[in-house]
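See below for the structure under consideration.
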Amino acid sequence: MAVIRIYNLMGVFLLFIIQKVFMNITELFDKALRFEFLTEEEGMFLFEHAALTELMYVANELRKKQVPHGKVTWQIDRNVNTTNVCIANCKFCNFYRIPGHADAYITDIETYKRKIKETIKYGGDQLLLQGGHHPELGLSFYVDLFSQLKALYPNIKLHTLGPPEIAHITKLEKSTHREVLIALKAAGMDSLPGAGAEILTDRVRRLISKGKCGSQEWLDIMHEAHKLNITSSATMMFGHVETLQERMDHLIKIREVQSRKPAEAKGFLAFIPWTFQDVDTLLTRIRGVHNLTTPEEYIRMIAISRIMLPNVKNIQASWLTVGKQTAQLCLHAGANDFGSIMLEENVVSAAGAPHRFTAKGIQEAIREAGFEPQLRNQQYEWREKPAAMEDQVINY
């Protein structure tokens, strides 16, 4: 009888624990649906304990409220690298070359002209211009480049650099973030990408990107950009040396910067989480770090991003790093944007990202997922597809 009584008590205790966990999850979902900020601990609890279907459902409901038109947006642009010379020595990057390397280059104006003409032919309206921390390219180089490109192609938008490059230029010039951003905006910068965020904790950054600006400087530059009414995006590269707690800390820092933007500013237009690509990287070869992110984990990350970032309207699925099918499922887990077809992309691809889309292919993928595709620009304003637009042939 004593044994039976013990088993009964254990059963009651287990039922209590199950009810308590279920109650906490329900309460946290209710809190999220009220667009309230969840704490780091609450985000971790949902990520670890909530059923994937429940996470997807709540994130999808939030998406419906924040993006009620129900369409999935996409873009046509081209990632052009200003230079591959970099002294940041990130352990996940196969693209960069050290100064003086035989393969080092600075893109010339004739190459820009050719690539912009191709971009326009394929219906694109923007260049995403990024490069490396070149030790000899200061503010005047980028001001001259942006001014020249805008003079030649005034309708092409320039989505340029990123906080680490702004920090690098600021150090070269012995200037301030604000002064550098003002000069770049006047020269033609239309928006600031969320590049170089990786994970916004300095423990991680010391391990994978020691030569880049620290987490607080990244956040400070974004805040300064928002004060100048320069729109931006935010990213996260995960699946390497970070902990789940550090992912949640990253999300909280992003939403805190967004909450501090001026009322008239848009701030972060979108959040894009993507997975570490590990082919032949130093992080993999030397430290043995591999990307073990499963499709389920990526979908969870998309859903928790929507839940933890109630003040960021657009969540983008990274088809480039996770592939078509996983990205399609993300559209039912809080994501509302499929990003760009990227007529050219060199950095992430150099680390093994194999996926490609044409304009036709990305629209078909969105329709297969049950949504209507809508072409957009960087400001998330809808665009009409150009009448004379050609479909790119993927040959790289």
Side-chain angles (χ1 to χ4, degrees), residues 63 66-67 69-81 115-130 149 153 155-162 188-195 230-235 266-274 302 312-324 327-328 330-331 334-349 353 355-369 371-394 396:
R63 189 265 308 166
Q66 289 176 289
V67 194
H69 56 72
K71 296 183 180 183
V72 169
T73 47
W74 63 287
Q75 189 182 20
I76 307 171
D77 74 354
R78 183 172 199 148
N79 296 17
V80 180
N81 301 106
K115 293 189 174 187
I116 291 172
K117 287 176 182 176
E118 288 179 351
T119 301
I120 294 169
K121 179 175 72 172
Y122 294 131
D125 68 337
Q126 174 177 279
L127 289 191
L128 193 161
L129 280 178
Q130 292 175 326
L149 293 178
Y153 304 98
N155 294 326
I156 284 289
K157 300 299 182 182
L158 300 181
H159 189 45
T160 60
L161 307 179
M189 169 192 273
D190 290 294
S191 51
L192 181 65
I230 299 172
T231 56
S232 68
S233 55
T235 63
K266 295 178 181 178
F268 291 124
L269 292 171
F271 178 70
I272 310 107
W274 55 282
I302 285 287
V312 178
K313 183 177 180 180
N314 301 291
I315 304 294
Q316 185 182 125
S318 175
W319 61 261
L320 177 67
T321 59
V322 301
K324 171 184 168 180
Q328 286 174 317
C330 290
L331 299 179
N336 67 291
D337 186 76
F338 234 44
S340 172
I341 62 172
M342 289 180 282
L343 297 169
E344 175 183 353
E345 197 288 320
N346 303 303
V347 179
V348 181
S349 300
H355 309 290
R356 297 291 181 272
F357 266 134
T358 63
K360 181 180 178 181
I362 199 169
Q363 292 175 85
E364 289 175 349
I366 291 168
R367 290 192 185 98
E368 285 174 10
F371 295 89
E372 180 183 349
Q374 174 60 58
L375 184 63
R376 65 164 173 86
N377 62 21
Q378 185 57 37
Q379 299 301 315
Y380 282 78
E381 299 162 338
W382 293 358
R383 288 182 62 204
E384 292 293 327
K385 284 182 288 184
M389 169 182 152
E390 294 184 25
D391 207 27
Q392 181 195 21
V393 176
I394 295 176
Y396 68 98

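This structure is a prediction, so every number in the text was calculated from the model and none was measured.
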In a check of side chain to side chain contact (heavy atoms under 4.5 Å, CB included) between Thr73 and each of Phe371, Trp382, Phe338, which one passes?
-> Trp382

Between Ile116 and Leu149, is a side-chain contact (heavy atoms from CB on, under 4.5 Å) present by the stated rule, with each step listed?
-> CA-CA 9 Å; Ile116 291 172; Leu149 293 178; 3.9 Å; yes

Could I get the full list of side-chain contact (heavy atoms from CB on, under 4.5 Å) partners for Glu364, not counting sequence neighbours?
-> Lys360

In Å and rounded to the nearest 0.5 Å, what is the OG to CG distance from Ser232 to Leu192?
-> 6.0 Å

Where do Trp319 and Ser340 come nearest, in terms of heavy atoms and distance?
-> CZ2-O, 3.0 Å

Nearest heavy-atom pair of Ala195 and Gly162: which atoms, and what distance?
-> CB-CA, 4.4 Å

Validation row: Gln363, Lys385 side chains within 4.5 angstrom (heavy atoms) | yes

Taking the side chain from Asp77 and the backbone from Gly124, do they hold a donor-acceptor pair closer than 3.5 Å?
-> no

Under the salt bridge (charged side-chain N to carboxylate O under 4.0 Å, His left out) test, residues paired with Arg376 that sit two or more places apart = Asp337

For the student: nearest non-hydrogen atoms of Gly194 and Thr235, plus distance | O-OG1, 2.7 Å

Value for CD1 (Ile341) from CD (Gln75), rounded to nearest 0.5 Å, stands at 9.5 Å

Heavy-atom pair of closest approach, residues Arg367 and Pro373 = CG-CD, 3.7 Å

Side chains of Trp274 and Gln316: does their closest heavy-atom pair fall under 4.5 Å?
-> no

Could you pull out all residues at least two apart from Arg383 that satisfy side-chain contact (heavy atoms from CB on, under 4.5 Å)?
-> Asp125, Leu375, Asn377, Pro386

Shortest non-hydrogen contact from Ser191 toward His159 = OG-ND1, 2.6 Å

Close side-chain approach of Ile315 and Arg63, heavy atoms under 4.5 Å | no

Quick one: does Asn336's side chain have a donor or acceptor within less than 3.5 Å of a partner on Val67's backbone?
-> no

Are Thr231 and Gln379 close enough that a side-chain donor and a side-chain acceptor fall under 3.5 Å?
-> yes

Here the pair of heavy atoms bringing Lys115 nearest to Arg78 is O-NH1, 3.3 Å

